[in-house]
Amino acid sequence: MVRILRRIGIFALLVLLAGPVRAQYTRLSAWAAQTGFNPAAVSGADALFLNPAALMNAGVTGPRLRLMELGGLAGGSLARFDLYNRYLAAGRHLTPAEVDRMLDAWFGSADAWRTAGEAVEVTPLALTHTGWWSAWGVAWRVRQQQRLWMNRGLPDVLLKGTEEPRTVPVNGEFQAMTYHELVVGYARKLNPDLIVGVAPRLLLGSHYVRGTMRSTVTVGTAEVVHRYAYTLDLTGAASELLEGFDLFDNRRMNEEAGDGIARQMAGLRQQGWGLGLSLGAQYRLLPGLLLGASLTDLGFLRWKNVKRHTPGDSVFAFAGVQLDMDWLRTEFDNDLGAYIEHQLDSLARAAYEDVRVQETGVTTMLPAALHLGATYWLGGTTRLHATLSLGLNRTGTNGARVPQLVLGAETRWSFLPLFGGVLTGGDGALMLYGGTGLQLRAWGLRLAAAGSPRSHLMGSGSRFMLMLSLTHVGF
């Protein structure tokens, strides 16, 4: 039975690989974290991605070079560790009433969606130059993003089973993509207090998977009926992996297209292209108060040679397993578990293995976002930051269309920078962030981390971030 449930779980995950996200993580950089991800306070390479007008924020004229910046985040409203520990960690059987209480706290209504995702970005190289009245910059960044959305239907079916008759909507979406950005930015002072900037970019896509599923499961007294419709879009090695993957013999998964998937997700195979644009402005309201606003990730990616999978059937009905004693004895040597597993596999194959495949092109939007920020100098190297961000669409790192607020501060003691703050809103619980580094004349490095102390504090779902900027050199 354990093996059967494991296979059901694998099947459910595959079906969920059959779509999209909204969060506002435009830049995963320790230097950006130092400024509270603030469009009024970032500089250098971060300005190219968060607010191109901030290219003028270097403080001195001349070139700046960044090498090997890495950042990652994971989490979302699905990551409720408090509910998992309370209801699931002990491994005991839950009553239907307990399942309902858990899902009410976790999801709310049957129409509500919860999300979890991850994003990784690497900026191998960025070069900027600041003059008296203008600044420019170029950078290369690689972004990998994926996110899952689901309603409460799947855990309801898996945890309650057939204990009570009901009809449950089981819906899910998933999206994953990897792409390179080649960015050029330019900023110009219109007057001593007002700066505007623009940063167009060329996008080269290397990995794309998207799926959506809409279905209902009806549990009756005599049978269980799954009515479903889904689409699953795959490019390159991801499609090759599915073709080599046997849902009913998952040992083959690691034997098929593994190297191709790794190379594709690392960005070594081009599967699409696109264009993007970021716009920004800065205004000095008072001698110590700087305001900033930006629109980021306006653009699209056009994926080629996408294989779209749709089901050949739309209904799976299960009314039990027929027990053939002669076959059990002759073919399975009286192994009842192997017999039942074979029967379930045969039923599932008949319902789910018939898939239609067609090749098409797909256009996806970048995770566009609006950012507003303010930074205030208290004196010396001490600044206060406030940032408000809002995802404008449902793709990439955008998880929930809820504003995200960051409040932070930074200072420096000799060669040791210190910074920290709080981040609330978006698609999860409150996060605390902080970091430090080294600053030796024109050379510096930064390390930053963030996390949710509790998965239900001022929001729902834990989130975690880690960022490292290895080298920043001024000339």
Side-chain angles (χ1 to χ4, degrees), residues 22-59 64 66 69 71 121 123 126 128 130 134-137 139 141 181 183 185-190 193-201 276-286 288-299 366-377 383-392 396-398 403-410 419 421-426 433 446 448 450 465 467 469:
R22 294 172 211 188
Q24 300 81 37
Y25 306 108
T26 299
R27 179 63 172 157
L28 294 173
S29 158
W31 288 88
Q34 178 173 329
T35 64
F37 307 96
N38 190 339
V42 293
S43 62
D46 301 315
L48 289 168
F49 302 105
L50 193 53
N51 182 4
L55 285 166
M56 294 294 298
N57 282 352
R64 296 288 184 274
R66 295 259 191 103
E69 293 190 291
E121 70 175 56
T123 307
T128 60
T130 305
S134 65
W136 59 265
R141 177 170 71 166
E181 295 177 291
V183 185
Y186 180 77
R188 179 78 181 181
K189 281 187 178 180
L190 299 183
D193 297 319
L194 179 62
I195 305 169
V196 295
V198 60
R201 64 201 64 195
L277 183 69
S278 292
L279 303 169
Q282 279 193 173
Y283 183 71
R284 189 172 300 279
L285 185 63
L286 298 170
L289 180 61
L290 189 63
L291 307 178
S294 63
L295 285 169
T296 58
D297 288 322
L298 305 173
L366 299 183
L370 168 67
H371 310 274
L372 304 173
T375 187
Y376 182 71
W377 276 267
R383 296 192 295 178
L384 302 179
H385 305 292
T387 307
L388 184 67
S389 298
L390 176 67
L392 301 179
T397 53
N398 286 347
Q404 180 173 276
L405 176 66
V406 184
L407 300 174
E410 63 168 306
F419 53 92
V422 298
L423 188 154
T424 185
Y433 76 89
R446 295 293 187 271
M465 304 170 69
M467 294 152 285
S469 298

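Quick caveat: nothing in here was measured; it's all calculated off a predicted structure.
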For V183 and R141, run side chain to side chain contact (heavy atoms under 4.5 Å, CB included): C-alpha distance rounded to whole Å, both residues' side-chain angles, the deciding distance at 0.1 Å, then the answer. CA-CA 8 Å; V183 185; R141 177 170 71 166; 5.8 Å; no
Which value, rounded to the nearest 0.5 Å, describes the distance between [X] atom [atom1] and [Y] atom [atom2]?
X    : Y    : atom1 : atom2 : result
F37  : L423 : CZ    : CG    : 7.0 Å
L55  : S43  : CG    : OG    : 9.0 Å
K189 : M56  : NZ    : CE    : 4.5 Å
S389 : Q404 : OG    : CD    : 6.0 Å
T296 : L48  : OG1   : CG    : 13.0 Å
L384 : L407 : CG    : CG    : 9.5 Å

Heavy atoms only: give me the nearest [X]-[Y] pair and the separation to one decimal.
X    : Y    : answer
A126 : A45  : CB-CB, 3.4 Å
L388 : P403 : CD1-CB, 4.0 Å
A54  : Q282 : CB-OE1, 3.4 Å
A187 : P52  : CB-O, 3.4 Å
G36  : Y433 : CA-OH, 3.5 Å
L298 : A368 : CD2-CB, 4.0 Å

Using a cut-off of 6.0 Å, state whether more than 12 heavy atoms not belonging to Y186 lie near its atom OH. yes
Quick check: does any side chain N or O of [X] sit under 3.5 Å from a backbone N or O of [Y], one acting as donor and the other as acceptor?
X    : Y    : answer
N57  : V42  : yes
D297 : G276 : no
S469 : R446 : no
T424 : L405 : no
S29  : W31  : yes

Before giving the answer on side chain to side chain contact (heavy atoms under 4.5 Å, CB included), spell out for E121 and R27 the whole-Å C-alpha distance, their side-chain angles and the decisive distance to 0.1 Å. CA-CA 8 Å; E121 70 175 56; R27 179 63 172 157; 2.9 Å; yes
Decide yes or no for M465 and L28: does some side-chain heavy atom of the first lie under 4.5 Å from some side-chain heavy atom of the second? yes
Quick one: does F419's side chain get under 4.5 Å of H385's, heavy atoms only? no
Before giving the answer on side chain to side chain contact (heavy atoms under 4.5 Å, CB included), spell out for H371 and L50 the whole-Å C-alpha distance, their side-chain angles and the decisive distance to 0.1 Å. CA-CA 8 Å; H371 310 274; L50 193 53; 4.0 Å; yes
After noting the C-alpha distance and the side-chain angles of V198 and L277, does the key distance pass the side chain to side chain contact (heavy atoms under 4.5 Å, CB included) rule? CA-CA 7 Å; V198 60; L277 183 69; 3.5 Å; yes
Among L290, T35, L291, which residue meets the side-chain contact (heavy atoms from CB on, under 4.5 Å) test with T375? L290
State which residues pass side-chain hydrogen bond (donor to acceptor under 3.5 Å, both in side chains) with R383; sequence neighbours excluded, sorted by chain then number. E410
Among pairs that include at least one residue of residues 276-285, which meet salt bridge (charged side-chain N to carboxylate O under 4.0 Å, His left out), considering only residues two or more places apart or in two chains? none
